[in-house]
Amino acid sequence: MKLETLLLEIFEKLRLHGISYTDFFLLFIKSYGYLPNEISLLENPFERNIIITKMKKLAEIVTKLPDTLSIMRNQVCWLKKQGVQPFLVDCLGLPEMYEIYKVIVEKYGILSVAFKLYINSRAITYKFRSKFQKSSMSELAQSLGTSLYRRIDKIVHGDLSSPMELDKLVSCAEARIKDYVDALVKDVVSYRYAFIVSDHGYDIYWENHEYYLGHGRDSKFAKIAPLIFFVQNEA
């Protein structure tokens, strides 16, 4: 099964269940096997198990795929030449991709958004920007004619990089990341045609019953470098 097909099956099923960014974040953690069993996110345990199985399958596929950043670079350059407005994001995790999908679909319809998932085999920024032959993400943003959205990566490496209790991690992600992603979507949908490109995502790590975010070490979902297309079709 294609990565994109599996991802969108997960996203759409959860959107129809009314799953929020925060609930998805918890499901994201549960897919690593870290979440306490007493935390239930879908009323039907069978549905919950199906979703978790699909997310684990997605991670399994990602870890086995070769690096595809060169193909991504070619696609980004082609889209830019076609006049599609780019948005460059430093770090875009699976919960943020879900939030983007949910917000756009609910306002503009399911045909307004499409995902292409590429693989950053080392899940680090250097590998991504080097494919574009740029010395920094800011330089790459300038060459694409856009701004660099870098807050998520700063939060991942800052506030959420040290082990903490589950409630604190989730509430901090909701407070510090969700609103930023919603602002990004607002910028994106101000254009008729646009795309979001990101260098990598992040993973959940667990130590001594505490949780934190990171990427590059023992990466799974962090290897996903998404390209998200938007076409403004009124729902």
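Between Val170 and Ile29 the shortest side-chain heavy-atom distance falls below 4.5 Å. Within the 4.5 Å cutoff, the side chain of Pro86 has no heavy atoms near those of the Leu79 side chain. At a threshold of 4.5 Å between non-hydrogen side-chain atoms, the residues Ile19 and Tyr98 count as touching. No side-chain heavy atom of Asp199 sits less than 4.5 Å from a side-chain heavy atom of Leu88. For the pair Val181/Ile152, a side-chain contact is recorded, criterion being any heavy-atom separation below 4.5 Å from C-beta on. Taking the side chain as every heavy atom from C-beta outward, Phe24 and Met97 never approach each other to under 4.5 Å. Contact annotation: the side chain of Leu213 approaches that of Ile204 to within less than 4.5 Å [non-hydrogen atoms, C-beta and beyond]. Here the side chains of Ile228 and Leu92 are in contact, with some heavy-atom distance below 4.5 Å.
A single hydrophobic cluster is not seen to contain both Ile71 and Ile224; linkage of ILVMFWY side chains at heavy-atom distances under 4.5 Å, directly or through other members, places them apart. Residues Val231 and Ile100 fall into different hydrophobic clusters, defined by Ile, Leu, Val, Met, Phe, Trp and Tyr side chains chained together at heavy-atom separations under 4.5 Å. At a threshold of 4.5 Å between side-chain heavy atoms, the hydrophobic network of Ile, Leu, Val, Met, Phe, Trp and Tyr places Leu3 and Val197 in two separate groups. Leu8 and Ile110 fall within the same hydrophobic cluster, where Ile, Leu, Val, Met, Phe, Trp and Tyr residues are linked whenever their side-chain heavy atoms come under 4.5 Å apart, directly or through other members. Linking ILVMFWY side-chain heavy atoms closer than 4.5 Å, directly or via other members, places Tyr193 and Leu111 in two distinct hydrophobic clusters.
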Let me check something: any side-chain donor-acceptor pairs from residues 58-66 under 3.5 Å, sequence neighbours excluded? List them with distances.
from: Glu60; atom 1: OE2; to: Lys64; atom 2: NZ; distance (Å): 3.4
from: Thr63; atom 1: OG1; to: Ala59; atom 2: O; distance (Å): 3.3
from: Thr63; atom 1: OG1; to: Glu60; atom 2: O; distance (Å): 2.8

Using a 3.5 Å cut-off and no angle test, enumerate the donor-acceptor pairs between side-chain atoms of residues 133-141 and protein atoms at least two apart in sequence or in another chain.
from: Ser135; atom 1: OG; to: Glu139; atom 2: OE1; distance (Å): 2.5
from: Ser136; atom 1: OG; to: Glu139; atom 2: N; distance (Å): 3.0
from: Ser138; atom 1: OG; to: Arg150; atom 2: NH1; distance (Å): 3.3
from: Glu139; atom 1: OE1; to: Ser135; atom 2: N; distance (Å): 3.0

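Of all heavy-atom pairs between Met55 and Phe221, the closest is O-CZ, 3.2 Å. Heavy atoms only, all atoms of each residue included: His157 and Ser161 are closest at O-OG, 3.1 Å. Between Ser112 and Ile104, the closest heavy-atom pair is CB-CG2, 4.1 Å. For the residue pair Met164 and Lys168, the shortest heavy atom distance occurs at SD-CG, 3.8 Å. For the pair Tyr211 and Leu166, the tightest heavy-atom approach, listed with the atom from each and the gap, is CE1-CB, 3.5 Å. Of all the heavy atoms in Cys91 and Ser198, the pair that sits closest is N-OG, 3.3 Å.
Asp67 meets the side chain to side chain donor-acceptor pair (under 3.5 Å) test with Ser121; sequence neighbours excluded. With sequence neighbours left out, Asp182 forms a side chain to side chain donor-acceptor pair (under 3.5 Å) with Lys178. Considering only residues two or more places apart in sequence or on other chains, Tyr126 meets the ring pair (Phe, Tyr, Trp, His ring centres under 6.0 Å) condition with none of them. Residues satisfying the side chain to side chain donor-acceptor pair (under 3.5 Å) criterion with Tyr101, sequence neighbours excluded, are Glu12. Residues that satisfy the ring pair (Phe, Tyr, Trp, His ring centres under 6.0 Å) test with Phe25, not counting sequence neighbours, are absent from this structure. Applying the side chain to side chain donor-acceptor pair (under 3.5 Å) rule to Asn120 yields no partners; only residues at least two apart in sequence or on another chain are considered. Phe229 meets the ring pair (Phe, Tyr, Trp, His ring centres under 6.0 Å) test with no other residue; sequence neighbours excluded. With sequence neighbours excluded, no residue forms a ring pair (Phe, Tyr, Trp, His ring centres under 6.0 Å) with Phe195.
In this structure, CD in Gln142 is found 10.5 Å from OG in Ser147, a value given to the nearest 0.5 Å. One finds the CD1 atom of Ile177 at 10.0 Å from the CZ atom of Arg151 (value rounded to the nearest 0.5 Å). Between Lys56 atom NZ and Lys30 atom NZ the span is 8.0 Å, to the nearest 0.5 Å. Within the model, atoms CG of Asp23 and NE2 of His17 stand 12.0 Å from one another, a figure rounded to the nearest 0.5 Å. Taken from NZ in Lys80 to OG1 in Thr146, the straight-line distance is 7.5 Å, to the nearest 0.5 Å. Here the OG-CG distance, from Ser20 to Leu14, works out to 10.0 Å after rounding to the nearest 0.5 Å.
Classified by interplanar angle (parallel below 30°, tilted 30° to 60°, perpendicular above 60°), the ring pair Phe128/Phe132 is tilted. The aromatic rings of Phe115 and Phe11 sit perpendicular to each other, their planes meeting at more than 60°, with 30° as the lower class boundary.
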Evaluate side-chain contact (heavy atoms from CB on, under 4.5 Å) for His200 paired with Ile124, printing each intermediate quantity in order.
CA-CA 7 Å; His200 57 73; Ile124 57 175; 5.6 Å; no

Run the side-chain contact (heavy atoms from CB on, under 4.5 Å) check on Val103 and Val189 step by step: do they pass?
CA-CA 10 Å; Val103 172; Val189 300; over 6 Å; no

Could you walk me through whether Tyr32 and Lys220 pass the side-chain contact (heavy atoms from CB on, under 4.5 Å) test, one step at a time?
CA-CA 10 Å; Tyr32 290 81; Lys220 295 180 180 179; 4.1 Å; yes

Could you go through the side-chain contact (heavy atoms from CB on, under 4.5 Å) check for Tyr118 and Leu227 one step at a time?
CA-CA 8 Å; Tyr118 297 91; Leu227 190 60; 3.9 Å; yes

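With hydrogens and angles disregarded, no donor-acceptor distance shorter than 3.5 Å links the side chain of Gln85 to the backbone of Val188. Proximity of a side-chain donor or acceptor of Tyr108 to a complementary backbone N or O of Phe230 within less than 3.5 Å is not detected. Between the side chain of Ser219 and the main chain of Ala123, no donor-acceptor pair closer than 3.5 Å is present. At least one donor-acceptor pair closer than 3.5 Å links the side chain of Glu4 to the backbone N or O of Leu117. Remark: side-chain polar atoms of Glu96 are paired, donor with acceptor, to backbone N or O of Gly93 under 3.5 angstrom. A side-chain donor-acceptor contact under 3.5 Å links Gln232 to the backbone of Tyr191.
Sorted by first and then second residue, the ring pair (Phe, Tyr, Trp, His ring centres under 6.0 Å) pairs with a member in residues 170-190 form an empty list; sequence neighbours excluded. Annotation: salt bridge (charged side-chain N to carboxylate O under 4.0 Å, His left out) contacts involving residues 153-166, sequence neighbours excluded, comprise Asp159-Arg176.
Within 6.0 Å of NZ in Lys127 there are more than 12 heavy atoms belonging to other residues, nucleotides or ligands.
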